[in-house]
Amino acid sequence: MTLTFYNTLTRRKQPFEPLEPGKVAMYCCGVTVYDYCHLGHARSYIVWDTVRRYLMWLGYQVRYIQNFTDIDDKILNRANAEGSTMTEVAERNIAAYFEDMRRLNVLDAVEYPRATEHIDEIQQIIKTLIELDYAYPAGGDVYYRVQRFPSYGKLSGRQLDQMQAGASGRVDASDPESSRKQHPFDFALWKAAKPGEPAWESPWGPGRPGWHIECSAMIRARLGDTIDIHTGGGDLVFPHHENEIAQSEAATRKPLANYWLHNGMVNVGGEKMSKSLGNFTTIRQLLNAPNAPHPMALRLFVLQAHYRKPIDFTAEAMASAEQSWETLKDGLLFGYKFGNVLGWTDTADASFGQPDSMRIPDESEAVQKFRTAMDDDINTPAALAVLFELAKDLRREGNILTHEGKTTTDSQLLREQWQTLVVLAQVLGLETQPETETPISGLSEAEIEAKINQRREAKAAKNFAEADRIREELKGQGVILVDKPGGITEWHRG
RNA sequence: GGCGGCAUAGCCAAGUGGUAAGGCAGAGGUCUGCAAAACCUCCAUUCCCGUGUUCGAAUCACGGUGCCGCCUCCA
């Protein structure tokens with residue numbers, strides 16, 4: 001089995017071969033921190049987190065870097081609108097980013113470089129590009145000369161003469177910037193500061209970096225000239241990633257990244273969720289709402305589709321994911337709930353339930369199927385099918401244990417199944433712990449037994465209304481009654 | 001206009017030449033005073049349409065239809 005990725009650059013699936021055996025240099029385009037993250041961001045970072053987790057599980061040492069774009073028109077606009085500063089807006093949204101992502105169990109990157117921390121490196125690349133004639137200063141700005149880079153368009157599969165400048169309807173021909181460009185697709189590496197804007201000194205006058213150059217500079221500074229994997233949303237392929245390639249490869253004469261991976265969009269009613277369309281739901285809106293789904297249900301919702309396909313966000317799909325999460329959760333909690341009954345000796349250990357401490361048989365069918373699925377361009381829907389089969393099996397065993405008090409299935413086999421589920425789920429970032437605050441009923445066992453006796457008498461007297469009342473009363477206190485054949489009533493805390 | 005993607009059950013979604021995974025929802029049964037829970041069973045002769053290639057196609061080719069993304073804000 002070999003791990004393969006669909007590489008946007010080559011438009012086909014390719015076996016993954018890192019530059020250095022056992023190590024992976026991975027860069028993920030982060031957010032521009034002018035607002036809260038929405039579900040589109042959630043999908044992107046959940047997906048790349050999952051790729052990273054899988055690589056780690058395979059034994060790679062993954063150096064995962066993700067940036068924050070903390071200088072940008074939108075941040076400036078936001079700061080002006082609320083009468084604060086660019087730094088304040090950025091800091092607030094960076095803090096919110098971490099809050100949201102950690103709830104979704106997205107692992108922290110190794111480093112989070114910011115554009116404003118790399119002004120020197122940015123200027124260095126711009127200088128080099130000017131020296132090599134790939135860039136030209138114009139009126140305090142510096143532009144990249146796209147026609148100078150023969151393979152411009154290789155990532156997005158387009159050619160300059162076939163592109164329609166301004167097709168997106170966002171280019172204003174009267175914008176003075178476009179008159180300074182030698183070609184409509186030339187893009188800004190450095191932008192002259194307008195009065196009152198934050199600015200850095202440069203050989204071209206005070207200003208700030210353009211959007212694309214920061215990634216080129218940060219990758220070079222933190223990971224090197226060529227990295228293994230570069231990821232981001234599909235909407236970044238053009239122009240952002242195309243421009244990154246043009247900048248970096250012109251300056252270094254080396255490939256920027258060997259594998260380019262892009263995730264599909266989150267849609268609403270068939271249309272892309274985006275700020276400009278106003279059809280977005282922020283992560284915190286969703287997760288903080290009354291009757292909000294569990295964050296893991298959102299993660300599951302994302303992973304139930306292949307990462308390259310668009311997914312439609314609907315209330316129905318989310319509700320389905322919530323139910324699915326309940327199923328998975330039952331399986332994941334199996335060991336905590338039934339380990340003692342099954343005679344496992346380590347349930348009190350601190351390491352109990354920790355995926356890192358579990359040794360699962362690599363040759364088991366479940367693990368093999370999981371790996372086959374994940375090796376095939378991170379096929380998480382197929383991988384999840386493996387988890388559900390394990391979880392449903394465990395849930396059934398757990399129900400039998402609850403209702404019968406014993407099972408005919410071998411305890412060690414159940415332990416192996418449970419550990420396999422916990423480990424594989426963790427690779428997908430799906431994790432849960434038993435509730436710490438158990439809603440323990442204030443009733444003692446004797447009191448419960450007394451109630452059950454009352455109910456038995458009511459039933460014997462055919463007073464079913466009273467019998468049902470007692471059953472409801474106990475249910476309200478977290479005690480579930482199960483009537484068995486022969487007039488026996490068993491109970492357990494729900 | 002250019003480039004790219006998608007179409008599989010009520011909903012979501014794998015599968016890309018060998019006879020339709022999985023989830024959600026649903027149905028029937030056992031049990032029960034009833035209900036709930038639990039357990040058992042069932043749930044696409046068919047993969048947008050047409051033509052073709054093949055012993056064999058959801059999978060390949062050609063031609064349609066519909067939807068979506070990108071073409072300098074974007075995850």
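Chain letters run A, B, ... following the sequence lines, proteins first, then strands; residues in each count from 1.
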So, is [X] close to the [N] phosphate, meaning a side-chain N or O under 4.0 Å from OP1 or OP2?
X	N	value
A:Arg471	B:A37	no
A:Trp325	B:C24	no
A:Thr327	B:C24	yes

Whole-Å C1' distance, B:A35 and B:U59: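 It works out to 48 Å between them.
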Integer angstrom distance from the C1' of B:G26 to that of B:U16: 31 Å
Measuring from the side chain of [X] (C-beta onward, heavy atoms only), which nucleotide among [options] has the closest atom?
X	options	value
A:Lys272	B:C70, B:G33, B:C24	B:C70
A:Asn399	B:A75, B:C39, B:G23	B:C39
A:His403	B:G69, B:A37, B:A75	B:A37

How would you label the contact of [X] with the nucleic acid (heavy atoms, under 4.0 Å): base, sugar-phosphate, or nothing?
X	result
A:Gly30	sugar-phosphate
A:His306	sugar-phosphate
A:Arg469	nothing
A:Gly270	sugar-phosphate
A:Ala305	sugar-phosphate

Under the rule for ring pair (Phe, Tyr, Trp, His ring centres under 6.0 Å), what residues qualify as partners of A:Phe388, not counting sequence neighbours? none
Whom does B:A21 pair with, Watson-Crick or G-U wobble, provided both distances fall under 3.5 Å?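 Partner of B:A21: none found under 3.5 Å.
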No-hydrogen, no-angle side-chain donor-acceptor test under 3.5 Å, A:Tyr27 and A:Asn67: yes
Interatomic distance, A:Glu316 CD vs B:G26 P [rounded to whole Å]: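 About 12 Å, once rounded to whole Å.
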Show each protein N/O and nucleotides 2-5 of chain B N/O combination with a separation under 3.5 Å, one pair to a line.
| residue | atom | partner | partner atom | Å |
| --- | --- | --- | --- | --- |
| B:G2 | O2' | A:Gln162 | NE2 | 3.0 |
| B:C3 | O2' | A:Gly157 | O | 3.0 |

Sequence neighbours left out, cut at 3.5 Å: what donor-acceptor pairs do the side chains of residues 457-466 of chain A make with other protein atoms?
| residue | atom | partner | partner atom | Å |
| --- | --- | --- | --- | --- |
| A:Asn463 | OD1 | A:Glu466 | N | 3.3 |
| A:Glu466 | OE1 | A:Arg469 | NE | 3.1 |
| A:Glu466 | OE2 | A:Arg469 | NH2 | 3.1 |

